[in-house]
Amino acid sequence: MNVPETFFSIEEELFLFFASCLCGAFIGAYYDVFRAFRLLVPHKGVFVIIEDIVFLGSYAVFLSSFANVCARGELRVYYIIGNVLGAALYFFTVGTFVMRTLEKLLCGLKKFVGIILTPIKSLYALLYRKAAAKFVGCSKFFVKTYKKLKILLQRTPVLLYNKMESKMRRNVKKVGKKKTVGKKISKAENKKAKS
């Protein structure tokens with residue numbers, strides 16, 4: 001009867017450790033993608049937190065797939081240690097060179113775009129100065145016209161009988177009752193009800 005092996009030999013464990021170190025270098029390169037994106041589009045706070053959560057989630061998927069493919073589904077701590085060592089080795093050697101080169105390229109690209117956009121900026125500033133002077137004159141004209149129209153418009157009267165607490169409302173109720181009874185209201189009572 002053949003019993004399957006339930007443990008790794010020392011050679012297999014060393015191979016898995018070096019494989020995890022190599023994969024850690026690729027994980028460091030993957031994190032450089034996020035760093036490059038932060039250089040291209042500067043942002044802070046919530047977006048950086050979201051990027052870190054995405055990175056950690058993808059690392060968790062990678063770690064579980066590494067354990068399933070290479071290590072018969074067994075997760076060991078030295079896989080994580082190998083990943084961290086490989087990523088740190090990449091970060092302090094190749095990663096610094098890549099990020100410095102990328103920063104220089106982006107700085108040169110910004111200068112180049114600034115040189116190209118300089119005539120457009122000066123044209124925009126000239127048009128803005130001309131339009132601002134015209135707009136100020138037009139806005140004064142519109143303000144004067146609006147004030148004149150506001151004077152011409154009638155103001156809506158405030159109707160006191162809509163308020164339940166007012167004396168007018170009570171009188172309106174009484175007048176309605178008197179009308180339903182059929183009695184005639186004199187002019188004096190009508191003036192009293194209106195006031």
Side-chain angles (χ1 to χ4, degrees), residues 1-136 138-139 142-143:
M1 180 166 146
N2 289 335
V3 177
E5 290 185 19
T6 56
F7 59 92
F8 291 114
S9 64
I10 295 174
E11 293 86 17
E12 290 173 333
E13 287 181 349
L14 282 174
F15 173 76
L16 288 172
F17 179 72
F18 287 124
S20 66
C21 288
L22 182 64
C23 290
F26 288 111
I27 291 167
Y30 176 62
Y31 190 70
D32 273 350
V33 172
F34 290 99
R35 291 170 63 195
F37 181 70
R38 289 176 191 161
L39 282 176
L40 287 172
V41 183
H43 54 279
K44 295 180 181 177
V46 176
F47 296 111
V48 174
I49 292 170
I50 291 170
E51 289 173 3
D52 288 341
I53 289 171
V54 168
F55 173 74
L56 290 174
S58 58
Y59 175 68
V61 169
F62 163 77
L63 189 62
S64 64
S65 62
F66 178 80
N68 283 331
V69 171
C70 297
R72 296 187 301 241
E74 297 178 10
L75 183 63
R76 305 284 184 191
V77 175
Y78 63 86
Y79 303 156
I80 299 170
I81 294 171
N83 291 149
V84 170
L85 285 176
L89 187 65
Y90 171 82
F91 183 77
F92 290 114
T93 56
V94 179
T96 55
F97 173 73
V98 168
M99 291 309 292
R100 285 181 189 160
T101 306
L102 190 62
E103 285 176 359
K104 288 179 183 177
L105 284 174
L106 286 175
C107 184
L109 184 66
K110 285 181 182 178
K111 287 181 183 178
F112 178 71
V113 170
I115 291 170
I116 290 174
L117 293 179
T118 301
I120 297 171
K121 287 179 183 177
S122 61
L123 179 66
Y124 174 76
L126 178 69
L127 290 174
Y128 176 76
R129 276 187 252 125
K130 298 279 185 181
K134 291 286 185 186
F135 179 74
V136 169
C138 292
S139 67
F142 286 125
V143 167

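- E74 and A67 get closest at one heavy-atom pair: O-CB, 3.7 Å.
- When all heavy atoms of F66 and L16 are compared, the pair lying nearest together is CZ-O, 3.9 Å.
- A salt bridge is absent between R76 and E13; no separation between the charged side-chain nitrogens and carboxylate oxygens falls under 4.0 Å.
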key: Test ring pair (Phe, Tyr, Trp, His ring centres under 6.0 Å) applied to F55 and Y30, step by step   = CA-CA 8 Å; F55 173 74; Y30 176 62; 5.8 Å; yes

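- Taking every heavy atom of both residues into account, G95 and D32 meet most closely at CA-OD2, 3.7 Å.
- The two atoms that bring G73 and N68 nearest to each other are CA-OD1, 3.5 Å, heavy atoms only.
- The side-chain heavy atoms of I80 and Y59, taken from C-beta on, include a pair separated by under 4.5 Å.
- We find the CG-CD1 distance between L63 and I27 to be 7.5 Å, quoted to the nearest 0.5 Å.
- The two atoms that bring A71 and Y79 nearest to each other are CB-OH, 2.8 Å, heavy atoms only.
- More than 12 heavy atoms of other residues, nucleotides or ligands lie within 6.0 Å of CZ in F34, so this atom counts as buried by the packing criterion.
- Under the 3.5 Å distance criterion, the side-chain polar atoms of E12 are matched with a main-chain donor or acceptor of S9.
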task = Might you work through the side chain to side chain contact (heavy atoms under 4.5 Å, CB included) test for F91 and V98, ending with a clear yes or no?
result = CA-CA 9 Å; F91 183 77; V98 168; over 6 Å; no

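- Remark: Y78 OH is packed, more than 12 non-hydrogen atoms of other residues, nucleotides or ligands lying under 6.0 Å away.
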